[in-house]
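These notes concern the structure reproduced below.
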Amino acid sequence: MPSPFDPIEIRLKRLPHGEGLPVPAYATAHAAGMDVVSAEELTLQPGGRHAVATGFAMAIPEGYEVQVRPRSGLALKHGISLPNTPGTIDADYRGELRIILINLGDQPFAIARGDRIAQLVVAPVQIASFREVDGLDETARGEGGFGSTGVAS
Ligand SMILES: O=c1ccn([C@H]2C[C@H](O)[C@@H](COP(=O)(O)OP(=O)(O)OP(=O)(O)O)O2)c(=O)[nH]1
């Protein structure tokens, strides 16, 4: 089992409109997410969404995925989120990474080229397959769900 302290290498290909932008990187020693910046300038109107260019493509090693997540500061202060969070970047995807942003706030939100708009979390992927069966083993929960244990403690 590889240790999380042995970083894996992800090859990154800079696209012409991404020239000069920083490579995603951890902001602090034990950060889980690497901040990623916008390669374009735009204004998101309230309720608006846009697949924001990052100016690079990458080759994630087999057995891993990259998850795209919102930044809490932008979410809290401006209502900027990702409608598909966590976005899934597949190991075999070679197109440009795009960050789908949505403005859930009530004010237009301006993004400059180079602004940090989201964070990337690298995670191992467990492959599985489904097998159809006639019955399932019994559990204490059974078919209970969706609040079956109550909503208050
Ligand atoms: O926020 C995102 C989500 C996805 N992608 C890219 C990488 C991913 O590998 C690919 C496909 O994503 P997903 O499987 O979520 O999209 P889909 O709507 O199921 O499309 P597809 O049929 O192309 O798989 O799009 C992004 O750049 N940003």
Side-chain angles (χ1 to χ4, degrees), residues 1-133 136 141 143 145-148:
M1 181 87 179
S3 158
F5 300 109
D6 292 333
I8 60 160
E9 189 178 81
I10 300 176
R11 282 170 290 136
L12 179 151
K13 184 179 172 219
R14 184 68 63 196
L15 302 172
H17 57 282
E19 287 300 336
L21 293 173
V23 164
Y26 299 106
T28 61
H30 301 292
M34 304 159 106
D35 287 335
V36 63
V37 305
S38 173
E40 58 181 307
E41 185 181 304
L42 71 147
T43 297
L44 268 185
Q45 298 300 325
R49 56 183 189 270
H50 184 77
V52 182
T54 61
F56 70 87
M58 59 185 157
I60 303 164
E62 270 178 41
Y64 293 88
E65 61 157 336
V66 168
Q67 299 173 0
V68 188
R69 301 188 189 176
R71 296 188 65 214
S72 59
L74 293 182
L76 178 64
K77 290 183 201 143
H78 304 287
I80 299 301
S81 191
L82 279 62
N84 61 330
T85 186
T88 305
I89 313 303
D90 302 288
D92 54 359
Y93 178 67
R94 294 293 177 272
E96 178 175 13
L97 172 68
R98 288 186 176 268
I99 310 297
I100 306 170
L101 291 185
I102 186 164
N103 183 352
L104 300 175
D106 53 12
Q107 299 294 319
F109 183 72
I111 297 168
R113 190 173 186 274
D115 279 356
R116 292 178 294 154
I117 52 172
Q119 55 186 322
L120 308 180
V121 173
V122 182
V125 172
Q126 174 64 58
I127 299 299
S129 63
F130 284 99
R131 176 169 55 89
E132 284 197 40
V133 294
L136 301 173
R141 171 182 287 275
E143 295 183 17
F146 312 100
S148 66

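Whatever order the structure lists them in is the order used to number ligands and atoms, beginning at 1.
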Who's the nearest protein heavy-atom neighbour of atom 15 (O) of ligand 1, and how far? T88 O, 4.2 Å
Note the single closest protein heavy atom to atom 28 (N) of ligand 1, along with its residue, its atom name and the distance in Å. R98 O, 2.7 Å
Any non-hydrogen protein atom below 4.0 Å of atom 21 (P) of ligand 1? no
Protein contact for atom 13 (P) of ligand 1 (heavy atom, distance under 4.0 Å): no
Looking only at protein heavy atoms, which one is nearest to atom 3 (C) of ligand 1, and what is the separation? N84 ND2, 3.7 Å
Neighbour count >12 (heavy atoms, 6.0 Å) for atom CZ, R94: yes
Heavy atoms of other groups near R98 CZ, more than 12 under 6.0 Å: yes
Tell me whether E9 at atom CD has more than 12 heavy atoms from other residues, nucleotides or ligands lying less than 6.0 Å away. no
Taking atom CG of L44 and atom CD1 of I111, what is their separation to the nearest 0.5 Å? 4.5 Å
Nearest protein heavy-atom contact for atom 11 (C) of ligand 1: which residue, which atom, what distance? D90 OD2, 3.9 Å
Passes side chain to side chain contact (heavy atoms under 4.5 Å, CB included), R71 versus I117? Steps please. CA-CA 7 Å; R71 296 188 65 214; I117 52 172; 6.0 Å; no
Going by a strict under-4.0 Å cutoff (protein heavy atoms only), does atom 1 (O) of ligand 1 have a neighbour on the protein? yes
Does the protein place a non-hydrogen atom closer than 4.0 angstrom to atom 5 (N) of ligand 1? yes
Identify the protein heavy atom lying closest to atom 10 (C) of ligand 1, giving its residue, its atom name and the separation to 0.1 Å. Y93 CD1, 3.9 Å
Least distance between heavy atoms, S38 atom then L21 atom: O-CD1, 3.8 Å
Please check if atom CD in Q45 has more than 12 non-hydrogen atoms from other residues, nucleotides or ligands closer than 6.0 Å. yes
